[in-house]
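Step one of this worksheet: look at the structure below.
Residue numbers begin at 1 in each chain, while the letters A, B, ... track the order of the sequences.
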Amino acid sequence: MQLARSTLSTAKQSNAWNKFQKLSFSVATLPSLPYGYKDLEPYISGEIMEIHHSKHHNAYITNLNAAMKNLQKAEAESDLSTIIKLQVAIKFNGGGHLNHSIFWKNLAPTSSGGGVLNEGVLKEKIESKFGSLEKLKDELSASSVAIQGSGWGWLAYDKVNKNLSIATTSNQDPLEATTGLVPLLGIDVWEHAYYLQYKNVRPSYTKEIFNVVNWKDVQERLIAAMKS
Amino acid sequence: LMTLPYAMSALAPHISEETLTYHYGKHHAAYVTKLNAAIAADESLQDKSLDEIMKSSSGGTFNNAAQVWNHNFYWNSLKPKGGGEPSGPIADKIKESFGDFETFKKDFSNVASGHFGSGWAWLVESEDGKLKVVGTHDASNPIVEKLGNPLITCDVWEHAYYIDYRNSRPNYIAAWWNLVNWDFANANLASKL
């Protein structure tokens, strides 16, 4: 919907403005989920998915777009102080947008293969690095549970060591921008990601979520990262 | 684990009994349990007060100690049928530092609702006697960050409001204003922590 609206308004504007628009940040839009809100049940409730996607992720996008608009204005005015001041909001909201966009694709209903890791390069690398899928799950869960406050647990690809690694980020810090590691699978451990269903029991959530992990998507990210 | 100064249902409808069951009964309680385990395992902690442990530790021990301290402060910052405009020394101090109560209320609400991630919003008295609104991340607080003497706090971790207000932190903060315990703020003004 937002995409249609911005296309329409762009069409109404002059060529010069169009050229300027192309040089600047494209308005971020809320990606659709590849499944219905209820489709990850019983592992993640429909209520959580709906609020998480339509409220939390949406708010990051709204706030990111506002910050980027302010950035454009500050850049046009060569207002360096404001440019610097905006970095925190861009990192937080932009990170939130990046992280959640990955997260929705990292998940899939069991009916579409969620939870199933097939033979392939990902399985090989997991077994060679961690010993087994179960050991990876234990380690990634433990790292995610241990995060103090809000943040994300990650299965990542380390381009330097050419191997998988486990990492964590705090708040909405985006993994690649802040560490160079390529995100493959993210576990959102902000309380909003699990509280309505799991309450304070984060370890149950980080265990159950593996039932709906879309390992196909994780493998695609790994393959792309290995090529780049 | 401190005893709550009121019944678990006493802050309703602003903060529900269900929230207290989890926030006090699970989250706060877990910080206490983990801190006690850390103390039992480490002789050097055993004759220190909560404040001392909080100021001198790091990592998990700090996290647990500070969160115990913060939650103790939070429950005392609330009272059933609290809220409204303050009276006593705090009222004068607020006028002095912010101009009027409404300006202070806006300032505090903005800091609390705009805080990125988990943390706390505080009204503190700084060294020069002026009142300030500050935010701290995760388990941190004005004591360890040396931001001033804390007077009142609002917990903005999602577990503080998610059951009652879902994603709407601003609605939770609006409700918090109906519970704020100005007696506690006045008591804190009178004693330097």
Checking heavy-atom separations under 4.5 Å from chain B, one finds in residues 135-158 of chain A A:Q148, A:G149, A:S150

Okay, A:N200 and chain B: the region with an atom under 4.5 Å from a heavy atom over there is both

Okay, A:E47 and chain B: the region with an atom under 4.5 Å from a heavy atom over there is side chain

| said: Can you tell me if A:E77 has over 12 outside heavy atoms packed within less than 6.0 Å of its CD? | reply: yes

Note: vs chain B, highest number of non-hydrogen pairs under 4.5 angstrom among A:K55, A:H56, A:E191, A:H52 is A:E191

Bottom line for A:N93: the part with an atom under 4.5 Å from chain B's heavy atoms is side chain

Point to revise | Greater than 12 external heavy atoms within 6.0 Å of B:K79's NZ | key: yes

Contact list (residues 159-169 of chain B to chain A, heavy-atom gap under 4.5 Å, by number) returns B:H159, B:Y162, B:I163, B:R166, B:N167

Distance col, row B:W157:CH2 vs A:W190:CH2, nearest 0.5 angstrom, shows 10.5 Å

Expected contact set for residues 11-23 of chain B against chain A at heavy-atom separation under 4.5 Å reads B:E18, B:Y22

Using a cut-off of 6.0 Å, state whether more than 12 heavy atoms not belonging to B:Q46 lie near its atom CD.
yes

So, the part of A:V88 with a heavy atom under 4.5 Å from chain B: the answer is both

Taking a cut-off of under 4.5 angstrom between non-hydrogen atoms, the residues of residues 26-41 of chain B near chain A are B:K26, B:H27

